[in-house]
Amino acid sequence: MEIDDTWIISALQGILPEQTLQLLHDHVLHPSSTLRIISSHALFSMQRAAMLLQPVVSPIAERGVRMLQESPDVVFFGFLLALLFMAFQVMIWVQRTISFFTRLAFRAVLWMFIGLAVMAVWQRGPEAVAADIVVVVRKVVTYATIVKDIWLSEYQKYDAQTRASAVGGGRVPMGSGRSAGYTRSGR
């Protein structure tokens, strides 16, 4: 079973240097090379194992095919499992595609902001950019303080309502607070 692999050498003729092509011919593609000897022994061993296992495997395979012909439910169940497997594979593929493009978009936005920052520093100078950053940070901190104050006042209202309902045993009006009209039990 001789295989002619000279097409590999001719295909790689313009790509690899002549010394590498000669090395490939002498040590990989030559019939007496170690790689060829190992591959031929492995192929011979697989053919021998297939011949030895054929009398054992063929009756089992024939019995399985006969069982499949007699019981179409097993075939339907196998088809259903294969269909579910393919659907899950498609879902995983879609998820990977979406996550890849999301990462790509976020990286593009990151590099856009880095480029904008470099262009701003280049055009306006580091001092002016630092002053702009300080102004933006000051506005963000002011906004965060306003949001914190609103949140704290709402929390204090909620806390006062729950304390009043716990002390008086009364009900909190519907739709206010976390309990939304329910009283605490066990106190």
Side-chain angles (χ1 to χ4, degrees), residues 8 11-12 14-17 20 28 35 39 42 46 57 60-61 63-65 67-187:
I8 296 174
L12 295 174
I15 300 171
L16 296 176
T20 307
V28 175
L35 182 67
S39 65
M46 285 188 278
V57 173
I60 294 172
R63 193 175 311 141
V65 168
M67 185 179 74
L68 288 177
Q69 288 174 348
E70 293 170 359
S71 176
D73 293 338
V74 175
V75 174
F76 175 74
F77 185 67
F79 177 73
L80 186 63
L81 284 176
L83 189 67
L84 284 173
F85 178 76
M86 288 189 309
F88 283 129
Q89 291 298 320
V90 168
M91 285 177 21
I92 289 170
W93 177 74
V94 167
Q95 185 265 337
R96 285 181 182 170
T97 305
I98 289 171
S99 64
F100 169 76
F101 282 111
T102 303
R103 276 194 314 268
L104 187 67
F106 278 117
R107 285 182 184 166
V109 168
L110 171 74
W111 285 109
M112 180 194 67
F113 280 132
I114 289 173
L116 287 174
V118 167
M119 286 190 305
V121 169
W122 183 270
Q123 186 177 12
R124 299 193 62 213
E127 295 85 11
V129 172
D132 291 342
I133 290 173
V134 167
V135 168
V136 168
V137 168
R138 184 180 303 142
K139 290 188 186 239
V140 168
V141 167
T142 305
Y143 178 73
T145 304
I146 293 170
V147 169
K148 180 193 71 137
D149 291 340
I150 292 171
W151 185 84
L152 282 176
S153 67
E154 290 297 319
Y155 179 76
Q156 288 169 354
K157 284 182 199 177
Y158 165 74
D159 194 35
Q161 286 175 351
T162 55
R163 285 186 187 179
S165 69
V167 171
R171 293 176 49 115
V172 177
M174 291 294 284
S176 64
R178 183 175 69 183
S179 60
Y182 297 100
T183 60
R184 289 187 182 183
S185 61
R187 283 194 175 185

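Just so it is clear, the model here is predicted, and its values are computed rather than measured.
- Counting only residues at least two apart or in different chains, ring pair (Phe, Tyr, Trp, His ring centres under 6.0 Å) contacts with residues 116-136 are absent.
- Annotation for Q123: atom CD does not count as buried by contact number, only 12 or fewer foreign heavy atoms lying within 6.0 Å.
- Using cut-offs of 30° and 60° for the angle between ring planes, the Y155 and Y158 rings count as tilted.
- Using a 4.5 Å heavy-atom threshold, the side chains of F85 and L81 count as separate.
- L110 CG to I114 CD1: the interatomic distance, rounded to the nearest 0.5 Å, is 4.0 Å.
- A side chain to side chain donor-acceptor pair (under 3.5 Å) with D159 holds for exactly one of R163, Q161, K157, Q156; it is R163.
- Closest heavy-atom contact between L35 and V28: CD2-CG1, 3.5 Å.
- For Y143, there are no ring pair (Phe, Tyr, Trp, His ring centres under 6.0 Å) partners two or more places apart in sequence or in a different chain.
- A distance of 4.5 Å separates CH2 in W93 from OG1 in T97, rounded to the nearest 0.5 Å.
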Could you list the donor-acceptor pairs under 3.5 angstrom formed between side-chain atoms of residues 98-109 and any protein atom two or more places apart in sequence or on another chain?
unit_1	atom_1	unit_2	atom_2	d
S99	OG	Q95	O	3.2
S99	OG	R96	O	3.0
T102	OG1	I98	O	2.7

